[in-house]
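All chains are named by letter (A, B, ...) in the order of the sequence lines, taking the proteins before the strands, and each is independently numbered beginning at 1. The analysis underlying the following values was restricted to heavy atoms, covering all of them including side chains, and did not include hydrogens, waters or symmetry mates. This is a predicted model, so every value here is computed, not measured.
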Number of protein chains: 2
Amino acid sequence: MDGLKNMVKERLELHGIKPSMQRMAVMEYLMTHRTHPTAEMIFADLYPHMPTLSKATVYNTLNLLVERGVVRLITIEEKNARFDACMDPHIHFRCRDCGAILDVDVEAHWVPAMPEGVTVEMSETYCIGSCAECNSQKVN
Amino acid sequence: MDGLKNMVKERLELHGIKPSMQRMAVMEYLMTHRTHPTAEMIFADLYPHMPTLSKATVYNTLNLLVERGVVRLITIEEKNARFDACMDPHIHFRCRDCGAILDVDVEAHWVPAMPEGVTVEMSETYCIGSCAECNSQKVN
DNA sequence: AAACAAAAATAGAATAATTCTAAAAATGGA
DNA sequence: TCCATTTTTAGAATTATTCTATTTTTGTTT
């Protein structure tokens with residue numbers, strides 16, 4: 001019936017995470033919202049539908065998901081951690097003017113040559129500048 | 001006489017920053033400590049030699065330096081902002097085991113093709129994994 | 001040198017994201 | 001049903017950073 005919920009469940013189980021209601025809700029949120037939300041945003045949006053949800057659970061779940069490699073932790077902003085369920089190769093761009101965080105697709109992520117003995121588990125590239133919309137408002 | 005202090009002063013003035021004692025101290029610290037320190041570390045190390053130094057001044061100075069493009073803000077760690085006075089192209093590697101943050105030299109930094117209209121001011125690449133030393137302790 | 005304005009530094013309070021703690025609830029056998 | 005384990009929960013605690021209001025420093029004009 002509900003294919004999405006099944007995908008969510010499978011994705012959790014595939015990584016050895018027991019699919020509780022709360023974990024499914026957080027995971028489903030991330031899979032359906034490609035907005036790189038903060039923990040706070042996720043909590044604020046889920047809370048009305050799950051009045052017993054605790055902020056600690058959202059943090060616990062996100063930490064677990066990141067640990068198990070189910071979602072990406074994005075540290076492009078100094079203040080807030082942001083999360084991304086899309087694991088396809090892409091990088092993140094932050095607009096200094098409007099604050100938006102955009103995905104930029106790349107064929108494969110760049111991993112520079114590392115010194116002998118170093119092993120790389122993951123790598124992230126962050127670009128910062130001005131988005132097309134903000135740029136267009138600057139010209140006259 | 002003291003070539004270092006002159007270099008520090010010049011580098012600040014070049015970016016339109018008035019070289020006060022405190023700013024010089026922070027800038028010199030960053031130029032002589034390639035450890036990607038946190039604001040806290042800088043304060044802790046400078047304080048014994050400058051007992052009137054305030055933590056707010058360290059934060060103010062670091063923010064100013066980053067704004068003016070004199071130093072790099074590194075967000076490779078979730079908790080603490082880290083700072084780097086080296087502006088030559090290089091990327092950062094964090095060891096998940098020992099926490100060290102290492103520089104990795106690259107010829108030029110990768111900036112992926114951006115969507116039409118987007119302008120990029122800066123980009124950072126972070127790699128996370130295990131450093132050579134930690135890896136060597138794992139094998140048996 | 002005195003007076004003044006502007007810039008910078010300071011101490012400590014305030015803020016806010018995240019983690020911790022201890023208790024309650026849910027889950028899954030035996 | 002009983003029990004052990006896992007998960008969730010609320011709120012307190014922690015902590016990096018920013019804010020506020022005051023003081024100090026700096027530079028300029030007389």
Between [atom2] of [N] and [atom1] of [X], the distance in whole Å:
| X | N | atom1 | atom2 | result |
| --- | --- | --- | --- | --- |
| A:Leu64 | C:dT19 | CG | P | 13 Å |
| B:Phe43 | D:dT15 | CZ | C1' | 15 Å |
| A:Met50 | C:dA25 | CE | P | 16 Å |
| B:Met24 | C:dA9 | CE | P | 12 Å |
| A:Met41 | C:dA16 | CE | P | 14 Å |

By the 4.0 Å heavy-atom rule, please label B:Thr38 as base, sugar-phosphate, or nothing. nothing

Counting just side-chain N and O atoms, does [X] come under 4.0 Å of either OP1 or OP2 of [N]?
| X | N | answer |
| --- | --- | --- |
| B:Tyr59 | D:dT18 | no |
| B:Gln22 | D:dT25 | no |
| A:Ser20 | D:dT8 | yes |
| B:Thr52 | C:dT10 | yes |
| B:Asn63 | D:dT18 | yes |
| A:Ser54 | D:dT8 | no |

From C-beta outward on [X], which listed nucleotide comes closest to its side chain: [options]?
| X | options | result |
| --- | --- | --- |
| A:Asn80 | D:dT17, C:dA17, C:dT19 | C:dA17 |
| B:Ala39 | C:dA9, D:dT17, D:dT8 | D:dT17 |
| A:Leu53 | D:dT9, C:dT18, C:dA9 | D:dT9 |
| B:Ala56 | D:dC19, D:dT17, C:dA9 | D:dC19 |
| A:Lys18 | D:dT18, D:dT6, C:dT19 | D:dT6 |

According to the interplanar angle, ranging from 0 to 90°, do the rings of B:His36 and B:His92 count as parallel (below 30°), tilted (30 to 60°) or perpendicular (above 60°)? perpendicular

For the residue pair [X] and [Y], establish whether any side-chain heavy-atom pair is separated by less than 4.5 Å.
| X | Y | value |
| --- | --- | --- |
| A:Asp103 | A:Asp84 | yes |
| B:Cys127 | B:Val104 | no |
| B:Ile91 | A:Trp110 | yes |

Considering only NZ, NE, NH1 and NH2 on the basic side and carboxylate oxygens on the acidic side, decide whether A:Arg82 and A:Glu77 come within less than 4.0 Å.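 Yes, charged N to carboxylate O under 4.0 Å.
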
Given DNA chain D, 5'-ward residue of the pair B:Lys55 and A:Asn60, judged by closest heavy atom: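 The residue whose closest nucleotide sits nearer the 5' end is A:Asn60.
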
Return whichever of B:Met21 or B:Glu78 has its heavy-atom-nearest nucleotide of DNA chain C closer to the 5' end.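 The answer here is B:Met21.
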
